[in-house]
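Structure first, commentary second.
Quick note: numbers below take in every heavy atom, side chains included, and nothing from hydrogens, waters or symmetry partners.
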Amino acid sequence: MDTRLHLLESFAAVGSDGQRYKVCGYERLALVPGNAERWEPTGVAEYRLDDGRHVEMAKDEAMRVAGSNIVLTRAAGL
C-alpha cells in the first residue's frame, strides 16, 4: 500500500535535557486503489521531530523521543 504523510500541526517543545525541539504531527494518507491521484486519511497519526526522529505520544499526550529518555513538554508561547 502506498502511503504518505500530511502535516497537521507543528509546535515547539522543551526536552528534559533542556534543549528546544520542533515537533511535527502528521496524518498518514493512503493511495486509493485504481486512482493514482486520490489520497484518503487512514486514521493513523504520528509525531516526529523536525530532524526525523520519532516521538512517542501517549494517550494523555505525554511525549518522549523514541529510543531515549528525553521527555518533551509543549512550550507555551513559542
Side-chain angles (χ1 to χ4, degrees):
M1 173 180 8
D2 288 329
T3 62
R4 69 179 180 187
L5 298 176
H6 172 73
L7 180 66
L8 295 174
E9 67 171 331
S10 65
F11 55 89
V14 177
S16 55
D17 60 355
Q19 299 294 312
R20 287 187 173 188
Y21 296 91
K22 180 179 178 183
V23 179
C24 300
Y26 299 94
E27 178 177 37
R28 280 188 191 220
L29 302 176
L31 186 60
V32 175
N35 189 336
E37 296 181 18
R38 186 165 174 208
W39 295 83
E40 290 189 348
T42 63
V44 177
E46 67 180 70
Y47 289 83
R48 296 180 183 214
L49 296 179
D50 62 347
D51 65 9
R53 289 183 285 170
H54 286 274
V55 173
E56 297 169 346
M57 179 77 75
K59 291 186 187 223
D60 65 356
E61 296 192 16
M63 298 175 285
R64 185 174 66 84
V65 178
S68 77
N69 293 324
I70 301 172
V71 175
L72 300 172
T73 303
R74 191 182 288 249
L78 293 180

What's the verdict on side-chain contact (heavy atoms from CB on, under 4.5 Å) for L5 and R28, showing C-alpha distance, side-chain angles and the deciding distance? CA-CA 5 Å; L5 298 176; R28 280 188 191 220; 3.6 Å; yes
Is it the case that the side chain of T42 and the backbone of A30 share a donor-acceptor pair, with hydrogens and angles ignored and the cut-off at 3.5 Å? no
Keeping S10 on the side-chain end and C24 on the backbone end, is there a donor-acceptor pair under 3.5 Å? no
According to a 4.5 Å side-chain heavy-atom criterion applied to Ile, Leu, Val, Met, Phe, Trp and Tyr, with indirect links allowed, do M63 and V14 form part of one hydrophobic cluster? no
Taking all non-hydrogen atoms of both residues into account, name the closest pair between E27 and P41 and its distance. OE2-CB, 3.2 Å
Any side-chain heavy atom of L8 within less than 4.5 Å of one from H6? yes
Any heavy-atom pair between the side chains of R74 and V23 that's under 4.5 Å? no
Smallest separation among heavy atoms of L72 and G15, with atom names: CD2-CA, 3.8 Å
Side chain to side chain donor-acceptor pair (under 3.5 Å) partners of residues 57-67, not counting sequence neighbours, each pair once: E56-R64
With rounding to the nearest 0.5 angstrom, report the CG to OG1 distance, L29 to T3. 8.5 Å
Search all heavy atoms of W39 against all heavy atoms of D2 and return the closest pair with its distance. CZ3-O, 3.7 Å
Given side chains that start at C-beta, do those of Y26 and R4 come closer than 4.5 Å, heavy atoms only? no
Taking only residues two or more places apart in sequence, or in another chain, which ones meet R53 in a side-chain contact (heavy atoms from CB on, under 4.5 Å)? Y21, L49, D51, V65
Check the hydrophobic clustering (I, L, V, M, F, W, Y; side-chain heavy atoms under 4.5 Å; chains of links allowed) and say if V55 and F11 are grouped together. yes
